[in-house]
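This report refers to the structure that appears directly beneath it.
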Amino acid sequence: MAAGTTHHTIVSTQSHLWNCKNSRLDETPTKVGLVSIRSCSSGNRKLGLVCASGSKSSIIDPVQLPSPSGKGEHSPKKSSESSLILIRHGESMWNEKNLFTGCVDVPLTPTGVEEAIEAGKRICNIPIDVIFTSAMIRSQMTAMLAMMQHRRKKVPIITHKESEQAHSWSQIYSEHTRKQSVPVITAWQLNERMYGELQGLNKQETAERFGKEQVHEWRRSYDMPPPNGESLAMCADRAVTYFKDQVVPQLITGKHVMVAAHANSLRSIIMHLDKLTSQEVISLELSTGIPMLYIFKEGEFLRRGSPAGPSEASVYAYTKNLAQYRQKLDSMVQ
């Protein structure tokens, strides 16, 4: 995907715009439970990726994850800084056909593969210690393809804890190999919103059958589900709960996290982080294959903007730790 597409990543009806040339952030934090957000300023709100990087990437056992309590030796110092990358999967085969996908497990198109690879290039200098994906193949493909572009060349490994045998059989017995791995945790709670009886139907034909207004209400209202499906509110309940219970504790311990998921599960998480109203979130659009970056520091999330591309030197100057991490990567390849 061309670098210019990042300027249209996420658009909300709120009057806030990230200006790539005049990179600015509103310095007023908004508390969100354990965390808070600092918003972008001026124009129409946009979220996007940054090809930056952070402090030295820490290593965790792909099978033995840190305790989510965030207590004890894993508790970060006040100066610690973590990165959170959110990315919607690349174009799926049903996206291409304009079909309602929901929880049907559909793979990426060649375009989706290219989007995932491009996304990986854009986050190739950001440290990643642990990856969360949905249980759907399209989000897992996106995460894997993106990680293949990372300059650290660590191997993403899906953890298997669905049974004692699966956990035992997937153990890694080489310390060196383990240090060169990144655990990938799959969770159904991050799945796309379940579209019920709309799944598999053509969106245009469905609008012609039931009326544009009815279909728009099913798709974009906050609390009205399609027939035998989930509303955005129902999707948000499971996705945000999982995010708070599993993802935030990893950031608190100082881990750098990537979440590869879907339009509605990510909209739910962004609604929670940015404190959007139910009316604002229905206008929030996420492009496929575009990473979004948040910096977690001292209990706050600092949302970053959408730079033109990884070749711009200014992209890497957002934080001292990210700049130092990239410098270390540069020294490793010299």
Side-chain angles (χ1 to χ4, degrees), residues 1-2 5-13 44-48 86-116 118-119 133-142 188-239 260-271 276-292:
M1 178 175 288
T5 59
T6 59
H7 296 280
H8 306 286
T9 305
I10 306 175
V11 180
S12 153
T13 55
N44 290 328
R45 170 179 299 189
K46 291 185 179 180
L47 300 178
L86 305 179
I87 178 171
R88 182 188 175 190
H89 63 80
E91 180 190 66
S92 75
M93 294 184 72
W94 277 16
N95 289 147
E96 182 183 45
K97 294 178 180 295
N98 199 34
L99 305 180
F100 285 101
T101 309
C103 287
V104 179
D105 209 359
V106 178
L108 301 180
T109 63
T111 297
V113 170
E114 293 176 3
E115 289 176 340
E118 180 63 22
T133 77
S134 74
M136 319 244 79
I137 189 64
R138 55 192 184 273
S139 71
Q140 295 173 23
M141 288 178 69
T142 299
W188 69 266
Q189 292 92 334
L190 297 175
N191 282 4
E192 178 58 291
R193 173 184 169 194
M194 202 274 280
Y195 272 101
E197 295 177 15
L198 299 186
Q199 291 183 172
L201 301 183
N202 181 276
K203 295 177 182 178
Q204 180 61 38
E205 294 175 357
T206 304
E208 293 173 356
R209 177 182 175 185
F210 295 100
K212 291 183 179 180
E213 291 186 5
Q214 176 64 75
V215 173
H216 183 270
E217 191 168 20
W218 283 335
R219 296 185 64 190
R220 287 294 179 258
S221 66
Y222 182 68
D223 53 10
M224 177 173 286
N228 294 316
E230 280 186 309
S231 65
L232 179 57
M234 296 163 69
C235 177
D237 183 61
R238 58 174 166 84
H262 307 263
N264 285 293
S265 53
L266 290 176
R267 287 168 70 208
S268 301
I269 292 170
I270 293 169
M271 178 186 181
L276 301 180
T277 67
S278 58
Q279 287 301 308
E280 291 168 337
V281 74
I282 62 177
S283 300
L284 187 64
E285 296 290 343
L286 306 184
S287 297
T288 54
I290 302 295
M292 295 155 279

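Note that the structure is predicted; figures quoted are calculated from it, not measured.
Each ring-ring contact (aromatic ring centres under 6.0 Å, His included) pair with one or both residues in residues 91-111, not counting sequence neighbours, appears once here: Phe100-Tyr195.
With sequence neighbours excluded, the residues satisfying side-chain contact (heavy atoms from CB on, under 4.5 Å) with Gln214 are Phe210, Glu217, Trp218, Met224. Listed by chain and residue number, Met93, Ile137, Met141 satisfy the side-chain contact (heavy atoms from CB on, under 4.5 Å) test with Pro107 (two or more places apart in sequence, or in another chain).
Under the 3.5 Å distance criterion, the side-chain polar atoms of Ser139 are left unmatched by any main-chain donor or acceptor of Ala261. Of the possible donor and acceptor atoms, none in the side chain of Asp223 sits under 3.5 Å from a partner among the backbone N and O of Ser231. With Arg193 contributing its side chain and Arg219 its backbone, the two residues share a donor-acceptor pair below 3.5 Å. With Asp237 contributing its side chain and Met234 its backbone, the two residues share no donor-acceptor pair below 3.5 Å. At least one donor-acceptor pair under 3.5 Å links the side chain of Glu230 to the backbone N or O of Met194.
Between Arg267 and Leu232 the shortest side-chain heavy-atom distance falls below 4.5 Å. Counting heavy atoms from C-beta outward, Leu286 and Ile270 have side chains that approach closer than 4.5 Å.
Put simply, CE on Met271 and CD1 on Ile282 are 10.0 Å apart, with the number rounded to the nearest 0.5 Å. Remark: Gln189 CD to Ser134 OG distance equals 10.5 Å, nearest 0.5 Å. Note that CG of Leu99 and CD of Gln199 are 11.0 Å apart. Values are rounded to the nearest 0.5 Å. Atom-to-atom distance recorded for Leu201:CG and Lys203:NZ is 11.5 Å, nearest 0.5 angstrom. Atom OG of Ser287 and atom CD1 of Ile87 lie 11.5 Å apart (nearest 0.5 Å).
Under a cut-off of 6.0 angstrom, the local environment of CZ in Arg220 is crowded, with over 12 non-hydrogen atoms contributed by other residues, nucleotides or ligands.
Of all the heavy atoms in Ser268 and Ala239, the pair that sits closest is CB-CB, 4.4 Å. Considering every non-hydrogen atom in both Thr101 and Ser92, the closest pair reads OG1-OG, 4.3 Å. Of all heavy-atom pairs between Thr206 and Val215, the closest is O-CG2, 3.6 Å. Summarising the geometry of Ala135 relative to Asp105, their closest heavy-atom pair is O-OD2, 4.0 Å, with the distance given to 0.1 Å. Closest approach of Asn191 to Arg238, counting heavy atoms only: O-NH1, 2.9 Å. Residues Gly90 and Asn95 come closest through the heavy atom pair O-OD1, 4.2 Å.
Under a 4.0 Å N-O distance rule, the pair Glu192/Arg88 does not qualify as a salt bridge.
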Evaluate the criterion side chain to side chain contact (heavy atoms under 4.5 Å, CB included) for residue pair Leu108 and Thr142; output intermediate values, then yes/no.
-> CA-CA 8 Å; Leu108 301 180; Thr142 299; 3.8 Å; yes
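Considering Arg138, His89, Glu115 as possible partners of Thr288, the one that fulfils the side-chain hydrogen bond (donor to acceptor under 3.5 Å, both in side chains) test is Glu115.
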